[in-house]
Amino acid sequence: MPRMYSGQGITNYVAVPSVSRAAAKVQKLDGAVCTPKTEVPGMGSFAVCKDTEGNVFAL
């Protein structure tokens, strides 16, 4: 998709068995959940997170 704003980076998605458990682990390790678990009908769910160095990734 096109960038929504100048400087927008790439978001890597990491497949995990449980988005909820992985998001909880991100928070436990001092990361942040930027977008909580969101259902995608017919596909599953995702959450967008940020690590302690400010890198954004999705589960």
Inset, instruction - Kindly give the heavy-atom pair with the smallest separation between F57 and V26, and that separation in Å. - result: CZ-CG2, 3.9 Å
Inset, instruction - State, to 0.1 Å, how close L59 and A23 come at their nearest heavy-atom pair, and which atoms those are. - result: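 Looking at all heavy atoms of both residues, the shortest contact is CD1-N, 3.6 Å.
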Legend entry - Nonpolar side-chain network containing M4, other nodes, edges under 4.5 Å: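 Direct or chained contacts put M4 with Y5.
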Inset, instruction - Output every pair passing salt bridge (charged side-chain N to carboxylate O under 4.0 Å, His left out) with a member in residues 5-24, not counting sequence neighbours, ordered by first then second residue. - result: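 Counting only pairs at least two positions apart or across chains, no salt bridge (charged side-chain N to carboxylate O under 4.0 Å, His left out) contact touches residues 5-24.
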Acceptor/donor pairs from residues 31-52 side chains to any protein atom, 3.5 angstrom cut, sequence neighbours excluded:
from : atom 1 : to  : atom 2 : distance (Å)
K37  : NZ     : S20 : OG     : 3.3
T38  : OG1    : P36 : O      : 2.8
D51  : OD1    : E53 : N      : 2.8
D51  : OD1    : G54 : N      : 3.0
D51  : OD1    : N55 : N      : 2.9
D51  : OD1    : N55 : ND2    : 3.3
D51  : OD2    : N55 : ND2    : 3.1

Inset, instruction - Take atom CD1 of I10 as the centre, draw a 6.0 Å sphere, and report whether it contains more than 12 heavy atoms from other residues, nucleotides or ligands. - result: no
Inset, instruction - Using salt bridge (Lys or Arg N to Asp or Glu O under 4.0 Å) as the criterion, list what pairs up with K25, not counting sequence neighbours. - result: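 If we apply the salt bridge (Lys or Arg N to Asp or Glu O under 4.0 Å) test to K25, skipping adjacent residues, there are no hits.
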